[in-house]
Each structure stands twice: as C-alpha cells, then as structure tokens.
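All ligand and atom numbering here is 1-based and tracks the order in the structure. The figures here come from the full heavy-atom set of this structure, side chains too, leaving out hydrogens, waters and symmetry mates.
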Amino acid sequence: MDKEMLKIKLGEENYQKLLGIDNSKLHEFVARYVELCNPDKVFVATDSQEDINYIREASIRNGEEKKLAVDGWTVHFDGYYDQARDKPRTKFLLPKGVDLGPNLNAMDRDEGLEEIHEILKNIMQGKELYIRFFCLGPTNSEFAVPCVQLTDSAYVAHSEDLLYRWGYEEFKRQGKSARFFKFVHSAGELDERKASKNIDKRRVYIDLEESTVYGSNTQYGGNTIGLKKLAMRLAINRAAKEGWLTEHMLIIGVHGPNNRVTYLTGAFPSLCGKTSTSMIPGETIVGDDIAYIRKSGDRVYGVNVESGMFGIIMGVNSKDDPIIWKVLHNPNEIIFSNVLIGEDNKPYWIGMGEEIPEKGNNYSGEWTSGKKDAKGNEITPSHRNARFTSDLKQLDNLDEKLNDPNGVELGGMFYGGRDSDTWVPITEAFDWTHGIITKGASLESETTAATLGKEGVRKFNPISNLDFLSVPIGKYIEMNLNFGNSLENPPLIFGVNYFLKDKDGNFMNEKTDKKIWLKWMELRTHKEVDAVKTPTGFIPRYEDLKKLFKEVLNKDYSEEEYKAQFTIRVPENLAKIDRIKKIYETTVAETPPILFKVLEEERQRLLEAKEKYGDYIPPDKFR
Ligand code: SPV
Ligand code: MN
C-alpha cells in the first residue's frame with residue numbers, strides 16, 4: 001500500500017499520529033496489515049487520555065464489554081469454547097533447518113505464513129482497527145521493548161491499556177532504532193454476544209524471524225493480548241541470544257529488619273498461588289506474572305514486564321486475599337471476564353466466600369443453576385479461568401520501584417508447584433547450579449480439578465516456563481545456568497512447597513505460612529540465620545521458624561509441626577529424580593550434561609542418608 005492509500009484509509013489525523021513516530025519499518029508494517037485485513041476504519045492511539053478514552057468507549061460501543069453496577073467496572077465474555085490458551089493451535093513458524101525440539105509446537109514458516117495471511121485477508125471488513133503502542137518493562141530503560149498491537153477488538157486494546165505501560169512516546173524517543181515486537185490480531189466474525197464465532201479458524205502463530213505474532217478468531221486474553229504470553233515467547237528467544245532472562249515470575253519486595261527491602265522473584269505454574277504470593281499483605285509487589293532479568297556488574301536486576309494484572313478470580317476471597325478483594329470492591333477501572341453477572345449487575349465468582357445468585361448471565365449466556373452444556377457437563381456460575389484485569393496502581397501495597405528504569409536488585413529466586421508429597425515447605429539450594437537443576441529444571445506441578453483431565457497427575461514444567469519456551473528446553477536450562485555462573489555472588493535459589501500433605505491427605509501448612517518462608521529467604525540472603533544441611537539443600541532451623549511464626553503471624557509453631565513438615569521424604573525424592581532424569585534423557589533436546597551429574601549427586605546423598613537413618617528422616621538427624 002502506498003502512502004497516499006494509507007492516508008486515505010487512516011484519515012489525516014490518524015495518519016499524522018503514525019508519522020509522529022519516525023520509523024519506516026513501523027509504517028510499512030501498518031500499511032501491509034491495513035491493506036490485508038481491510039478494516040472499514042482505523043484508529044491510531046497515542047498516549048493521550050483522549051485516545052485512551054476512545055478505546056475504552058469503543059469496547060462498550062462495540063458490545064465487547066458492558067458496564068456494571070459500579071463505576072469503572074465492565075464485564076467481557078469470551079466465547080464458550082474460547083476460555084483458555086489454545087495450546088494445540090499456538091505454533092512457532094520455523095524456517096527450514098531450525099528445530100526447537102519435540103516439546104515445542106511448531107510448523108513450517110512458509111506454510112504457516114501463507115495460512116494465516118489467507119485467514120487474515122479482509123477479516124476486518126465492517127470493523128474498526130485499533131493501533132496501539134506499548135512498552136514492555138519500564139520506559140527509558142535498558143529493559144524496555146516497544147510493541148505495536150493491531151487489533152479489531154477494543155476489549156483487547158482496552159485490556160492492554162490497563163496491563164502495560166503506554167509506549168507511543170517511547171516509540172517516538174527510540175525512533176529509527178526501535179527494535180519492536182509486532183502483534184496482529186483479529187477476533188474475526190462475532191456472534192450475537194460479540195464473541196469470536198469461527199473457532200475452527202482460531203490460530204496463534206509466532207514468527208520469531210520477524211518478531212511478529214498473528215492471532216485470529218479468538219478473544220481470550222492469553223491468546224490475544226499480544227504483550228502477555230505472545231510477547232513472552234518472542235522475548236525468551238531474544239534473551240537467549242543476548243544473555244539475559246525472560247521468566248514466568250512474580251517479583252516481590254520482602255520487608256526485613258530495619259526497614260530493609262529485599263527483592264525476590266518466584267516462578268510457579270498457573271494456578272499455584274503466584275498472584276496471591278506476590279500480594280501478601282505487609283510486603284510490596286513489583287509484579288505478579290512476567291519478569292525480565294539482567295546483569296549489571298556482579299548484580300542481578302529484574303523488572304516487571306507489565307504494569308497491570310490479569311489475575312485468576314476463582315477463589316479470591318476476603319480472608320485469603322484481602323488486598324485483591326479490596327481492589328475488586330472499589331470503584332476502580334476493572335474488566336471482569338467470564339464471571340457470573342447477577343440481576344443486580346454485579347460480578348460473582350466461585351470461591352468468593354459469599355453466596356452466588358442462582359441465575360444471571362455468564363460465559364454461556366443466560367444462566368440458571370444446574371444448566372448443562374452441549375456435552376451434558378454442568379456449567380459453573382463463573383468459569384474456572386475467569387479473570388480480572390486492572391492496573392497495579394490500584395493496589396495498596398505496590399512497590400515504589402515498579403517503574404524504576406534500573407529495575408530492582410534481586411537477592412533470591414524461588415520455584416514452586418503443587419506437590420503433595422515430595423519437597424519440604426522451603427529449601428535453599430547449595431549453589432546456583434544445584435538450584436537451577438534440582439529446583440527450577442525439576443519443577444513439577446500436580447493437576448487440579450481446575451485443569452482438564454485427571455486430578456493429581458504431575459506435570460513437568462521447568463521454571464514454570466514450559467508453555468512459553470521459544471528455545472529448546474535444554475538450551476533454556478543452559479542459559480539459566482550460564483546466567484548465574486558468570487557471577488561471583490548470584491542470587492540464592494530456593495524450592496518452596498505450599499501444598500505438602502500428611503498421610504491423611506490434609507495440607508500441612510496454612511495459606512498464610514507462605515509469609516514465613518518469604519521472611520526466612522529474606523534473612524538468608526543477608527546471611528542472618530543459619531540453616532541445616534540436608535541431602536536436598538539447606539532447610540530452616542526450628543528456633544528461627546518458631547521466632548518468625550511468633551513475630552510475623554503471632555502463632556506458636558511447635559517442634560512437632562516442624563518435624564513433620566521438614567522430614568526429608570527419601571523415597572519420594574528418589575522417585576522424583578528418576579522421573580526428571582528420564583524426561584531429560586528421552587524427551588528433551590540439548591540437555592546440558594551437568595544436569596545428569598547434579599541429579600546423580602543428589603541421588604547419592606539421598607541414598608547415603610537413607611542408609612543411616614531410613615526412608616523418612618526428621619530434620620534433627622542432620623544437625
Ligand atoms: C497464565 O496462565 O499463566 C496466565 C494467564 O498468566 S495467560 O495470559 O492465559 O497466560
Ligand atoms: Mn502467567
């Protein structure tokens with residue numbers, strides 16, 4: 001499309017906004033997809049409040065969102081079969097000769113590009129295209145990655161507005177030198193509820209060569225919000241080439257003695273308490289989902305890639321999540337997605353700890369209790385993956401360094417999943433290599449009733465990043481190893497387990513105990529408490545935990561509880577090593593050989609301990 005055509009299509013005002021950014025690659029990209037998708041209208045948004053309001057109002061005007069009883073609240077419904085990330089139809093487009101190994105979903109680049117361009121042709125006819133600019137990471141920072149999003153869904157553009165730092169000015173600042181990510185999305189034809197209709201033509205195709213992601217016929221945020229998990233895949237690939245890290249991690253400021261704040265990152269697979277950990281009252285949150293991590297000298301710094309939250313709402317209740325609860329009850333700008341809307345025009349969700357209406361409107365349309373879907377399955381009032389989208393600014397405990405261009409200095413990293421019987425609640429790795437291999441690369445999580453399929457099945461999820469990797473798993477592990485091993489004092493690495501159960505199947509810890517593990521990690525990063533060396537790493541001493549439980553939670557932590565929780569379970573740990581070893585031997589491409597060595601050493605330590613003390617070893621044996 002030539003410049004004159006683009007000017008006609010955009011109109012003078014929008015055209016001038018686009019030209020305000022001095023980057024011809026950007027102009028060519030916009031021209032190409034305006035021509036291909038052929039919208040009736042185009043709106044280019046700057047960072048002005050006026051433009052942002054236009055998008056917010058468009059989502060109401062288009063019927064993609066509806067206003068709720070409280071000012072600022074809206075609801076959006078995705079299609080009934082569009083409620084989660086579509087893993088099978090999310091693919092990397094790879095040129096001939098490039099291979100990401102058997103665990104990553106990929107197809108031939110030429111074929112994929114041809115297919116998606118065919119789908120996108122004229123897909124926006126009759127619709128308005130929204131063009132938005134954002135920045136991943138703080139602006140004016142080494143971490144910053146400018147992004148442009150083209151979408152015909154005002155809901156998607158509005159969500160990004162709450163979730164990301166505005167980037168029009170950043171694009172202007174970077175001008176010709178901007179190395180930006182690009183996203184083209186169309187929700188496609190919509191049904192009467194304004195949800196994507198042609199699910200069979202749903203695609204999410206990732207082109208690493210051009211740093212572009214294409215999406216069609218879907219609206220669910222995980223498939224469409226380009227800057228979230230789609231950009232994350234592009235960033236992992238870029239980071240691998242440049243020696244930094246893109247991780248599925250929260251960042252929290254843990255408040256230690258004498259007003260000291262120590263920053264830790266935490267990796268958990270979806271639905272394992274990542275968001276709620278990041279928002280523990282009394283600590284401060286930097287991020288709840290995605291972090292970029294870089295080195296500077298001998299120090300490690302992290303930033304929250306985002307500035308908002310797209311959090312799971314199921315189970316959010318006033319007792320366990322007081323901070324989010326408050327946000328969700330104030331007149332803030334919030335998009336509730338796939339919840340139940342009662343006759344009072346307010347949102348309800350399962351696990352909110354309050355009575356839910358018997359009827360209303362939800363992701364299935366008009367809903368009454370007991371309603372079944374086409375397959376005969378009962379439709380829950382809200383979807384298990386229903387979410388809330390809002391700006392982090394709404395939180396009482398937002399960390400003051402969220403937008404610091406230097407990021408926050410990291411003292412430690414922790415890894416955790418749902419694990420009913422193997423890991424103790426908290427362990428510190430012996431060193432970086434031991435931590436990356438036995439905690440991060442060995443991460444597994446048990447399936448819950450909230451995921452499809454059988455409950456309690458362990459799923460391998462290295463560093464909780466499996467779904468988003470864009471380099472072979474083995475290479476990714478190696479990248480992580482190299483990152484810390486080049487440092488004199490890398491961050492400490494911990495394994496946490498909130499989900500340990502006793503023989504009767506009862507959880508051994510309360511949800512609030514997580515705060516104690518955070519405080520202990522904080523003290524360890526400053527070498528202020530000693531620890532007990534076990535075959536799997538260092539664990540806390542009873543006297544330190546007793547003190548922390550009393551000081552922080554005003555709880556009397558008994559020695560019996562300690563012994564039960566911190567008993568090293570040798571058979572379960574050995575079985576885990578066997579499982580992990582087998583996965584890396586048989587299904588992972590490019591596993592670094594050190595991984596097998598470190599796992600074998602851990603196995604030997606466990607076997608020696610078993611020889612001396614038996615299968616289940618209480619912690620006092622190691623003192
Ligand atoms: C997750 O599932 O890890 C999320 C939501 O954070 S999604 O955007 O779907 O990835
Ligand atoms: Mn996530």
Exercise for the section: Anything under 30° is parallel, anything over 60° is perpendicular, the rest tilted; go ahead and classify Trp244 against Tyr292. Expected result: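 If you compare the ring of Trp244 with that of Tyr292, the planes turn out perpendicular.
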Exercise for the section: On the 0 to 90° scale, with breaks at 30° and 60°, tag the Tyr214-Tyr33 ring pair as parallel, tilted or perpendicular. Expected result: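 Ring orientation of Tyr214 relative to Tyr33: tilted.
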Problem - Lys/Arg N to Asp/Glu carboxylate O, Glu306 vs Lys228, below 4.0 Å - result: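 Yes, Glu306 and Lys228 are salt-bridged.
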Problem - Name of the residue among Asn497, Leu500, Asp513, Val496 meeting side chain to side chain contact (heavy atoms under 4.5 Å, CB included) with Pro425 - result: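 So the option named by the test is Leu500.
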Exercise for the section: Flag Lys229 as yes if one of its N/O/S atoms falls below 2.8 Å of the Mn ion (ligand 2), otherwise no. Expected result: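 Yes, since at least one N, O or S atom of Lys229 sits under 2.8 Å from the Mn ion (ligand 2).
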Exercise for the section: Find all atoms of ligand 1 within a distance of less than 4.0 Å from any non-hydrogen atom belonging to Phe310, and give their numbers and elements. Expected result: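 Near Phe310, meaning under 4.0 Å from one of its heavy atoms, ligand 1 has 8 (O).
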Handout entry: Residue Asp289 vicinity, atoms of ligand 1 by number, heavy atom under 4.0 Å
Key =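 By the 4.0 Å cutoff, the relevant atoms are 6 (O).
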Problem - Within-shell test, His248 vs ligand 1, heavy atom, strictly < 4.0 Å - result: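 True for this residue.
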Problem - Option whose closest heavy atom lies nearest to atom 5 (C) of ligand 1, chosen from Arg387, Arg85, Gln83 - result: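 Among Arg387, Arg85, Gln83, the closest heavy atom to atom 5 (C) of ligand 1 comes from Arg387.
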Exercise for the section: Could you walk me through whether Leu443 and Ser464 pass side-chain contact (heavy atoms from CB on, under 4.5 Å), step by step? Expected result: CA-CA 7 Å; Leu443 201 60; Ser464 80; 4.2 Å; yes
Handout entry: Other residues, nucleotides, ligands: >12 heavy atoms within 6.0 Å of Lys295 NZ
Key =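 Buried by this count: over 12 neighbours within 6.0 Å.
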Practice task
Could you tell me whether Lys228 and ligand 1 have an N or O pair separated by under 3.5 Å?
Solution key: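 In fact, backbone or side chain, Lys228 has no N or O that close.
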For [atom], closest protein heavy-atom neighbour:
atom                   : value
atom 1 (C) of ligand 1 : Ser270 OG, 3.1 Å
atom 9 (O) of ligand 1 : Tyr220 OH, 2.8 Å
atom 6 (O) of ligand 1 : Lys229 NZ, 2.7 Å

Exercise for the section: For the Mn ion (ligand 2), find the closest N/O/S atom on Asp289 and give its atom name. Expected result: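 Nearest to the Mn ion (ligand 2) within Asp289's N, O and S set: OD1.
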Exercise for the section: Tell me whether the guanidinium CZ or amine NZ of Lys501 lies under 6.0 angstrom from the six-membered ring centre of Phe507 and within 45° of its axis. Expected result: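 The answer is yes, since Lys501 meets both limits relative to Phe507.
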